[in-house]
Amino acid sequence: MCISSLKPNRWLSLLIVPFFLVACFEQSSETASTPTAADSPEPELVAVIDDEPEDEPEVDAALIRRQPTNHWTNDQPIGQGLGPVSTETLAGGTANPEQWLHYGGDYRNFRHSPVTALNPESIQNLEVAWSFPTGTDGQFAMSPIVYDGIMYMTTSYNHLMALNAESGELYWRYDHPQPEDLRICCGPANRGVAIKDNMVVMGTLDAHLLAFDRFSGEILWDIEMIEHSIGFSSTAAPLIVKNMAIIGIGGGEYGVRGFFDAYDLTTQERIWRVYTIPAEGEPGNDTWAGDSWKTGGAPTWSVGAFDAATNTIMWTTGNPAPDWNGDDRAGDNLYSDSVLAVDADTGEYKWHYQFTPHDVWDYDGNTTIFQADITFEGQERQALVQANRNGYFYLLDRVTGEFLAAKPYVEQLNWATIDETGRPQPDPLAFPQTNPDYRVCPGLTGGMNGAWAGALNPELGLAFIPTVENCMKFRKGISVYVEGQTFMGGGGFESDASNGEDYGHLSAVDINTGDVKWRYMDADPLKAGVVSTAGGVVISGTPSGKIFGLNAETGEELWTFNAGGGIRSQPIVYQQNGQTYLAVGAGDRSRTSAVPQGGQLFVFKLKEGQF
C-alpha cells in the first residue's frame, strides 16, 4: 500500500505528492495482477489537503481529493464480508468472540469475554502482535469496537481510526477539528464509538454526534447536540438501542442542566431528551431551592444499560452544581448522583434511585452499572449493581429501583453510613468547611470512577472493581454562576496523593452480598478499565504502565507487561481466525510523574497452539 502523507507546508507537499504518486504507479505497474478472493488489493488511504491559495501551483484534482487535512478516507474493499450490524447482532453482545460491539461488551456491561483460551495456564503465552500510536497526549481512555475483522479506535481529542484487527494496518482516519473554546473539566478523553448497520458513531468534545461509513470513513451526518460554549461536552461512547443512539453529556463543573438524548440513526431526528433535573412544576423540582435547578449540573457522561425484557434504559447521573458549596441548592437535588430508568421508546420516567442526596463531595453516580441476576437473602432478584464513587457497593432491584443493600468496597470510608432505607447519614465533620481540618474518605476521585469500567464474571458471581484509595479535606468556597465558566464552589486539598500516600486495588465483590472476596493491591491508584474472560482471568493496568493479568477466582497475579505509559483504557479480548487477542491502550494525562504521555495501543496474541 502506498500512502501520501501531506505536511502543513503546502509547497513541500506539492513537490512530494507527485513523486509518491509516480512511485506508487511504477510499483503497481510492475506487480499488477487481477485481484482474486485470496489475492485482493490492500486498502489505500487517500491523502487529502485544503484548497490551495490561487498563487500556488495547480494540482490535478483527479490525483488529490480536496478535503480537510484532518480526514483520510479509504476507497478499497476491507473487512471479511459480513453484512451490516443488526439489532439482533447487538443484542448478542459478546456471544461471538470475534466481535466486541458495545463499550460494556453487552447491554449488561459485563465486559466479560466468552473466550476460554485466555486462562490462568495460557496467559503467560501472550506476546505483542502489533502496536499502534495515537499521536495525541491526554488520557487514552477508549474501549475498542471490533466487527468484521476491523477495529475502531478513538483517542483523546476525538481522533478516530479504523484498523485491521489482526495486523494493525490503518484503513482510515478522522481527526475531529476542535474549537478553541472547549469546555472540558477533566481532560480531552473519548471512551469509544458505537456501531450499527454500516456506520460507526462518535460523540465529540464540542458536543456533536457524528456518524461515519464503517468502510470508507466518510462522514454520513453530523448533529450538534447543544452549543458547547455554554459548558457542554461529550466524552462517552454512545449506546445503540434498536435504531437509536443514546448518549449523555458532560458539564457538571459548568453549571449546566444535564440530559441524555436518543437520536434516530436513519433520520438523525432527536426522538427524546431526558433532563436529569426536573423543571418547575415537575416532580422532584422541589428538591432544589429557588432557581438553583437551572444551573444544577447532574451530567450524564458515562454509558448506561438497556434491559430488553422491560424495554428500559438505565442511565447514571453526576454531581450537582456547584460541586462543593450546597448552600444555595438546599434539598436532595434530584436527579443528581442517581440512576434513572426510562422507557426506551419514549424516554418516559419509570423509577430512580439516588445514591448521594445533596452531594457536596463530587461523588457523582456515574460508575459502571451491571445488570445481574442474583440471589439475595434466598430470593432470585433481577438486580442492578454498582460500585459507587462514594465508596459503597449497591444492590438494587432493576425492575422497581428498590434498594436491597449497600456495603463498603473501599478500605477507607468515613463520610457517611447507610441506613436501612439506603439513605446516607453523613458525618457532620465530613461536610466541606471554609477552613477544614477533617480528612474525608473517599476523596473526590473515589473509590471507583465513571472514567473507567469494571467487569463482571457471571459464572463466579464476582464484579471486578478498579479502585482509588485517596482521602482528602474539602474546602467550601464562593460560588458565582457565569455561563460557560466553571461553577464549583470550592475543592479538595491536602489529599493522600499530595503526600504520596494514595494507593489502589482491584477488588472482587460478590454480587449476591456486596462482600469483598479478594483484593489485588498496588502502590498506584488504579484508574484503568477491566476485562474478564470465561477462561478465568481478569486484566487491567496501572498509572505507571503495568498491564497485569490475575486469576479471577483468587486475585493471584499471573502475568505483567510494561507498556511504558499509564493505563487508562478499557481492555478487550477477541478472536480472529481462531487466534486470541488482547487489546490494551496505554497513555495518560498525568504530568506529576516521570511516566511519559502519548497514547499507544498494544495488541497481544496467544502464541500458536494456545487456542
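Along the sequence shown, the residues carry numbers beginning at 1.
Here the side chain of Gln139 pairs a donor or acceptor atom with the backbone of Cys186 at under 3.5 angstrom. Not a single donor-acceptor pair under 3.5 Å links the side chain of Ser532 to the backbone N or O of Val538. Gln570 places a side-chain N or O within donor-acceptor distance of the main-chain N or O of Ala453, the cut-off being under 3.5 Å. Proximity of a side-chain donor or acceptor of Asp510 to a complementary backbone N or O of Asp515 within less than 3.5 Å is not detected. The closest donor-acceptor contact from the side chain of Gln371 to the backbone of Asn109 lies at 3.5 Å or more, if one exists at all. In terms of modelled atom types and a separation under 3.5 Å, the side chain of Trp518 and the main chain of Ala552 share a donor-acceptor contact. Listed for the Thr554 side chain is a donor-acceptor partner under 3.5 Å among the backbone atoms of Glu556. Under a 3.5 Å cut-off, the side chain of Asn190 and the backbone N or O of Gly203 do form a donor-acceptor pair. The backbone N or O of Asp362 sits less than 3.5 Å from a side-chain atom of Asp359, completing a donor-acceptor pair. Between the Thr467 side chain and the Ile465 main chain, a donor and an acceptor come within less than 3.5 Å of each other.
Residue pairs meeting the ring pair (Phe, Tyr, Trp, His ring centres under 6.0 Å) criterion with at least one partner in residues 412-432, sequence neighbours excluded, are Trp361-Trp415, Trp361-Phe431, Tyr363-Trp415.
In this structure, Ser540 OG and Trp452 CH2 are separated by 10.0 Å, a value rounded to the nearest 0.5 Å. The distance from the CE atom of Met488 to the CD atom of Glu253 is 6.5 Å, given to the nearest 0.5 Å. One distance of note links CE of Met202 with CD1 of Ile145; it measures 13.5 Å at 0.5 Å rounding. Note that CD1 of Ile247 is 14.0 Å distant from CH2 of Trp301, once rounded to the nearest 0.5 Å. Rounding to the nearest 0.5 angstrom, the gap separating the CG atom in Leu334 from the OG1 atom in Thr287 is 4.0 Å.
Residues Tyr392 and Tyr409 place their aromatic rings such that the two centres sit no closer than 6.0 Å. Residues Tyr481 and Phe487 place their aromatic rings such that the two centres sit under 6.0 Å apart. The ring of Trp315 has its center closer than 6.0 angstrom to the ring center of Phe260.
The shortest heavy-atom contact between Met151 and Pro144 is CG-CB, 3.8 Å. In this structure, Asp524 and Pro543 approach most closely via the heavy-atom pair CB-CD, 3.4 Å. The shortest non-hydrogen separation linking Leu118 to Thr533 is O-OG1, 2.9 Å. Among all heavy-atom pairs drawn from Gly541 and Leu526, the shortest one is O-CD2, 3.9 Å. Between Thr368 and Met448, the closest heavy-atom pair is OG1-CE, 3.6 Å. Gly251 and Val256 get closest at one heavy-atom pair: O-CG2, 3.3 Å.
Contact check for Met472 versus Phe474: side-chain heavy atoms found under the 4.5 Å cut-off. Taking the side chain as every heavy atom from C-beta outward, Trp351 and Leu340 never approach each other to under 4.5 Å. Counting heavy atoms from C-beta outward, Ile547 and Ile539 have side chains that approach closer than 4.5 Å. His352 has its side chain out of reach of Val339: every pair of non-hydrogen atoms, C-beta onward, lies at least 4.5 Å apart. Residues Thr235 and Arg191 are in side-chain contact: their nearest non-hydrogen atoms beyond the backbone lie under 4.5 Å apart. The side-chain heavy atoms of Thr134 and Leu601, taken from C-beta on, include no pair separated by under 4.5 Å. A heavy-atom distance below 4.5 Å is found between the side chains of Arg329 and Val360. In this structure the side chain of Val440 never reaches within 4.5 angstrom of the side chain of Cys471, judged on heavy atoms.
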Report, one line per pair, each donor and acceptor closer than 3.5 Å where one atom sits in a side chain of residues 226-234; sequence neighbours left out.
unit_1: Glu227; atom_1: OE2; unit_2: Ser229; atom_2: N; d: 3.1
unit_1: Glu227; atom_1: OE2; unit_2: Ser229; atom_2: OG; d: 2.7
unit_1: His228; atom_1: NE2; unit_2: Asp181; atom_2: OD1; d: 2.7

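Qualifying ring pair (Phe, Tyr, Trp, His ring centres under 6.0 Å) partners for Phe132, counting only residues two or more places apart in sequence or in other chains: none.
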> So Thr367 and Gln386, side-chain hydrogen bond (donor to acceptor under 3.5 Å, both in side chains) or not? Walk me through it.
Replying inline: CA-CA 7 Å; Thr367 48; Gln386 185 204 53; 3.0 Å; yes

>> With side-chain hydrogen bond (donor to acceptor under 3.5 Å, both in side chains) as the criterion, how do Thr317 and Thr300 come out once you've worked through the C-alpha distance, each side chain's angles and the decisive distance to 0.1 Å?
In response: CA-CA 5 Å; Thr317 68; Thr300 51; over 6 Å; no

>> Please determine whether side-chain hydrogen bond (donor to acceptor under 3.5 Å, both in side chains) holds for the pair Trp288 and Asn333, giving the CA-CA distance in whole Å, both sets of side-chain angles, and the decisive distance to 0.1 Å.
In response: CA-CA 5 Å; Trp288 297 84; Asn333 305 143; over 6 Å; no

>> Working note: Leu506 + Val530, criterion side chain to side chain contact (heavy atoms under 4.5 Å, CB included); need CA distance, chi angles, decisive distance, verdict.
In response: CA-CA 9 Å; Leu506 182 65; Val530 186; 3.8 Å; yes

> Can you list the steps and then say if Phe548 with Phe561 is a ring-ring contact (aromatic ring centres under 6.0 Å, His included)?
Replying inline: CA-CA 7 Å; Phe548 60 83; Phe561 177 84; over 10 Å; no

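For His176 and Asp206, the side-chain atoms include at least one donor-acceptor pair closer than 3.5 Å. For the 3.5 Å distance criterion, the side chains of Gln354 and Tyr335 fail to qualify, holding no donor opposite an acceptor. For Asn435 and Gln433, the side-chain atoms include no donor-acceptor pair closer than 3.5 Å. At a cut-off of 3.5 Å, with distance as the only test, no side-chain donor of Gln425 or Thr417 sits close to an acceptor on the other residue. In this model, a donor atom of one side chain and an acceptor atom of the other lie less than 3.5 Å apart for Gln178 and Asn158. Under the 3.5 Å distance criterion, with hydrogens and angles disregarded, a donor-acceptor pair is assigned to the side chains of Thr136 and Ser156. Side-chain atoms of Asp332 and His358 include no donor-acceptor pair closer than 3.5 Å.
One finds a salt bridge joining Arg519 and Glu411 here, because a Lys/Arg side-chain nitrogen approaches an Asp/Glu carboxylate oxygen to under 4.0 Å. A salt bridge does not link Asp588 with Lys527: none of the charged nitrogens is closer than 4.0 Å to a carboxylate oxygen. For the pair Arg108 and Asp307, the salt-bridge criterion is not met [side-chain N within less than 4.0 Å of a carboxylate O]. Ion pairing between Arg111 and Asp106 fails under the 4.0 Å rule for side-chain N and carboxylate O. Between Asp364 and Arg389 a salt bridge is recorded (basic side-chain N to carboxylate O distance below 4.0 Å). Using a 4.0 Å cut-off between charged side-chain N and carboxylate O, Glu557 and Lys546 make a salt bridge.
By the neighbour-count criterion of 12 heavy atoms within 6.0 Å, atom CG of Asn414 is densely surrounded, having more than that number from other residues, nucleotides or ligands.
The aromatic rings of Phe110 and Phe370 lie tilted to each other, with the angle between the two planes from 30° to 60°. The aromatic rings of Tyr503 and His505 sit tilted, their planes meeting at an angle between 30° and 60°.
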